[in-house]
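Step one of this worksheet: look at the structure below.
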Protein chains: 2
Amino acid sequence: MRGRLDADADVVDGIDPPSVRVSLSADRIVGAAVGFVDEFGLTSLTMRRLGERLGVEAMALYRYVSGREALLDLLVGTLIDEMRGDSDVLEQPEDGWQDFLQRLAHGVRRVALAHPRAFPLVASRPAEAPWLRPPLRSLEWVETFLHGLRSEGFDDESCVAAYRAFTSFLLGHLLLEVSAHGADVGPLDVLEETTEPTPSRLEEYPTVMRLRGRLSEDHSDVEFEDSLEELLERVDLMRHETTTWS
Amino acid sequence: MRGRLDADADVVDGIDPPSVRVSLSADRIVGAAVGFVDEFGLTSLTMRRLGERLGVEAMALYRYVSGREALLDLLVGTLIDEMRGDSDVLEQPEDGWQDFLQRLAHGVRRVALAHPRAFPLVASRPAEAPWLRPPLRSLEWVETFLHGLRSEGFDDESCVAAYRAFTSFLLGHLLLEVSAHGADVGPLDVLEETTEPTPSRLEEYPTVMRLRGRLSEDHSDVEFEDSLEELLERVDLMRHETTTWS
DNA sequence: ACCTGAACACCGTTCAAGT
DNA sequence: ACCTGAACACCGTTCAAGT
């Protein structure tokens, strides 16, 4: 017994250390960044504050990520890859393309709802190439999508058309859904409940006023489901079969 | 003749003065901000640089706008109001609701394409109320929309459903369209054309590789037109007539 | 009434220096 | 090898002071 490890010393008196002292790595940094954004919002994410959260000076982060912008890109990549671990999302169709796209859509939606404050990044960051459309903007997922539909008999043109329709549907729906959950925000997130939540000059807009209650109802779940169904029907119509030689 | 005006003196030697010396106002500031974002992108918009552009110190701006965040909100408002001046957009239906929505959709699209670098703001800024959905997120336009459909015989529920479908369609389409035009971007906008525009590890993704050409084709115009048609058909289906007593 | 100078707190980022 | 201190340029914002 050679006595207690010296390394313990600085944990012992550090009440609630920012994080257990694990050596830094790009993954750990990005993970912390995701957590930080989930908790405090995008505008609060600062190299210095992120360093603090990791028990390190901001400058130490530059060993692993080349800067703040690069960090945000890594963050987006992480979110999209999170779906790979989702067992409901398939790598390739097993019960037809409709089931395949259903699972994919719900997978993306789960990610969006799990990270409502980070999701707008997925939408607004410039992609590697303009044809990598958010929110399915990694080469991996686009390959999965296109190859999946091809293997189900879609021809090239239909695959691409379906990809476009699918992404634009997802982006519109999910962005609106997370923004209703109070997504991006400005500097201070503490929304001042003191000011009336409804704009004051409302009486000038009789129709809005009358339908306000109905407008506020949240049916995101069924709406997503229904619109997705409709999308799949549209995709079905834009579909040209192809004979697969194999 | 009391000699030349003293005020001219600092214009005379100032080669290419940042702007003709007009007294400041909120409108002028917001207008300059829009121009600045159009030209240099969102991340380049800085109180100090905006002041410089207006021939004034940054601190002077605070007399007219309460801060940067407020400025961005005003900017969003301006963009949306830009459509009021669009003679193709109607205040109320004249040739049926389909024509009405067609004009509205194209009006929003023109704004988005005229300000591709500012449009993501319209999408991601938190609205006054969660039911003010981007991109139709001013009380004025929501009133116009809902009242317009009501006057065409839609009942309350259909109006709201149509509003939801319409906004989510527009948001998805237009955000993807402007992001393909290289919208948001990080710090430096000078996109480095030196690095190959195509991600390097492309050969690992055979389907993407093969369809790359097709994926890059830009058919935004016809795509918008077609999807809009489909949307209108969907709206037609979700429509319950109501008897208007008047 | 309207703008400016100086100041403050906070950024991102670099780099020589510490261990 | 990995992190820190000090420094730099640049933010947003406040406020007393100038005109």
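Below, chain A is the first sequence line, B the second, and so on; all start at residue 1.
As a whole-Å value, the separation of E52(B) CD from dC3(C) P is 17 Å. Straight-line distance from the CG atom of L45(B) to the P atom of dC11(D): 11 Å, rounded to whole Å. As a whole-Å value, the separation of M47(B) CE from dT4(C) C1' is 15 Å. Rounded to an integer number of Å, the gap from I29(A) CD1 to dG12(C) P is 14 Å. The CZ-P distance, from R49(A) to dA9(C), rounds to 15 Å in whole Å. Summarising the geometry, the separation between CD on E57(A) and P on dC15(C) is reported as 19 Å, rounded to the nearest angstrom.
With dG5(D), dT4(C), dT13(D) as the candidates, the nucleotide lying closest to the side chain of R48(B) is dT13(D). Residue T46(B) has its side chain nearest to dG12(D) when only dT4(C), dG12(D), dT13(C) are considered.
The partner of dC8(D) is dG12(C), by the rule that a Watson-Crick or G-U pair needs both atom distances under 3.5 Å. Pairing partner, dT19(D): dA1(C), with both Watson-Crick or wobble hydrogen-bond distances short of 3.5 Å.
Here R110(A) pairs with D86(A) in a salt bridge; the nearest charged N to carboxylate O distance falls below 4.0 Å. Under 4.0 Å is where a charged nitrogen must lie from a carboxylate oxygen, and between R125(B) and E69(B) at least one such pair does.
Between F119(B) and A112(B), the closest heavy-atom pair is CD1-CB, 3.6 Å.
Side-chain contact between L121(B) and V37(B) is absent, with no heavy-atom pair separated by less than 4.5 Å. Contact check for V108(B) versus M83(B): side-chain heavy atoms found under the 4.5 Å cut-off. Looking at heavy atoms from C-beta onward, L215(A) lies in side-chain contact with L146(B) at the 4.5 angstrom threshold.
Contacts between residues 58-68 of chain B and DNA chain C, defined by a heavy-atom separation under 4.0 Å, are made by M59(B), A60(B), R63(B), Y64(B).
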